[in-house]
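Here is the structure we will look at, set down as C-alpha cells.
Along the sequence shown, residues are numbered consecutively beginning with 1. This one's a predicted model, so the numbers in the text were calculated from it and none came from an experiment. All heavy atoms count here, side chains included; hydrogens, waters and symmetry mates do not.
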Amino acid sequence: MRRVLLLNVTYEPLTTVGLKRAVCLVLCDKAEIVHEDVTGQVMHSARFSLTTPSVIRLRRYVRLPHRNRVPLTRAALMRRDNYRCVYCGRHGETIDHVIPRSRGGQHTWENTVAACQMCNHRKADRLLSELGWTLPVAPAVPRGAHWRLIGTYHDGDPQWDVYLGTSSAA
C-alpha cells in the first residue's frame with residue numbers, strides 16, 4: 001500500500017499514513033498537500049479529482065511527547081541494519097544478541113543485530129570471539145528525526161528526504 005508522509009504544521013515529520021487516510025485528511029480540510037506524487041496519478045470521485053499526495057501537512061499543531069530514546073522493536077532494528085545480516089550480508093530475518101542473553105547480555109540497541117537464520121543458528125549462544133567473528137560496525141542506538149517514525153515504511157520517495165534528513169540511497 002502506498003504511504004504518505006504526514007508533517008506537523010511546523011513541517012516536522014510525525015509519521016506515515018496510508019493513502020486512503022491521507023486523502024481523508026485532505027478532503028476533510030485537516031491537512032494540505034505539500035508535495036504530490038512524482039508519478040502524477042490523479043484519483044477521481046463523483047465530485048472531486050485529487051492528485052495523489054506524497055507529503056501532507058496538518059493544518060493544526062499536534063504536540064508530541066518528547067522521546068529521549070528510540071524504542072527497540074523488530075521493525076526498527078531491521079531498518080537500522082538495512083534488513084541485512086551483519087555477519088554475512090544476506091537478507092536478515094532474525095534478531096541476534098551479540099552477547100547472548102544466556103550469558104548476561106541485555107536486550108538493548110547496543111547488543112542486538114539483524115542476522116540471517118543460518119548465521120543466527122551457527123552462532124547459537126556463543127560469543128563472537130569464540131567463533132572468530134567480528135562485527136563490521138558496532139551496533140548503536142539510531143539517531144535523527146526520522147527514527148521517531150519507527151514502524152513506518154520509507155518507500156524511497158526523494159521528496160521525503162528534505163523532511164527526514166536522509167538520502168534516498170540510505
In the single-linkage hydrophobic clustering (I, L, V, M, F, W, Y; side-chain heavy atoms under 4.5 Å), do [X] and [Y] co-cluster?
X   : Y    : result
L5  : V38  : no
L77 : Y83  : yes
L50 : L25  : yes
V23 : L58  : yes
I99 : L135 : no

Please check this pair: side chain of [X] against backbone of [Y], looking for a donor-acceptor N/O pair closer than 3.5 Å.
X    : Y    : result
D96  : V113 : no
N8   : V62  : yes
R80  : W109 : yes
D81  : A114 : yes
K30  : C24  : no
R90  : C116 : no
Q117 : E93  : no

Separation of [Y] [atom2] from [X] [atom1] (nearest 0.5 Å):
X    : Y   : atom1 : atom2 : value
M43  : L19 : CE    : CG    : 5.0 Å
E110 : L72 : CD    : CG    : 9.0 Å
T52  : I33 : OG1   : CD1   : 8.5 Å

For [X], I'd like to know if atom [atom1] has over 12 heavy atoms of other residues, nucleotides or ligands within 6.0 Å.
X    : atom1 : result
M118 : CE    : no
Q106 : CD    : no
H91  : NE2   : yes

Does any pair with a residue in residues 125-137 pass side-chain hydrogen bond (donor to acceptor under 3.5 Å, both in side chains), and if so which ones, sequence neighbours excluded?
R103-E130
For residues [X] and [Y], determine if any side-chain heavy atom of one lies less than 4.5 Å from a side-chain heavy atom of the other.
X   : Y   : value
I56 : E32 : no
V34 : S54 : no
V9  : R60 : no

Looking only at heavy atoms, which two atoms of [X] and [Y] are closest? And how far apart?
X    : Y    : value
T94  : R74  : CA-NH1, 4.1 Å
K123 : L128 : CE-CD2, 3.7 Å
L127 : P100 : CD2-CD, 3.8 Å
S49  : V42  : CB-CG1, 4.1 Å
P139 : V98  : CG-CG2, 4.2 Å
V4   : V55  : CG1-N, 4.1 Å

Are a donor atom and an acceptor atom from the side chains of D37 and T39 found within less than 3.5 Å of each other?
yes
Going by the ring-ring contact (aromatic ring centres under 6.0 Å, His included) test, which pairs reach into residues 31-55, not counting sequence neighbours?
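Applying ring-ring contact (aromatic ring centres under 6.0 Å, His included) to every pair that reaches into residues 31-55, excluding sequence neighbours, yields H35-Y163.
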What residues form a salt bridge (charged side-chain N to carboxylate O under 4.0 Å, His left out) with R63, not counting sequence neighbours?
none
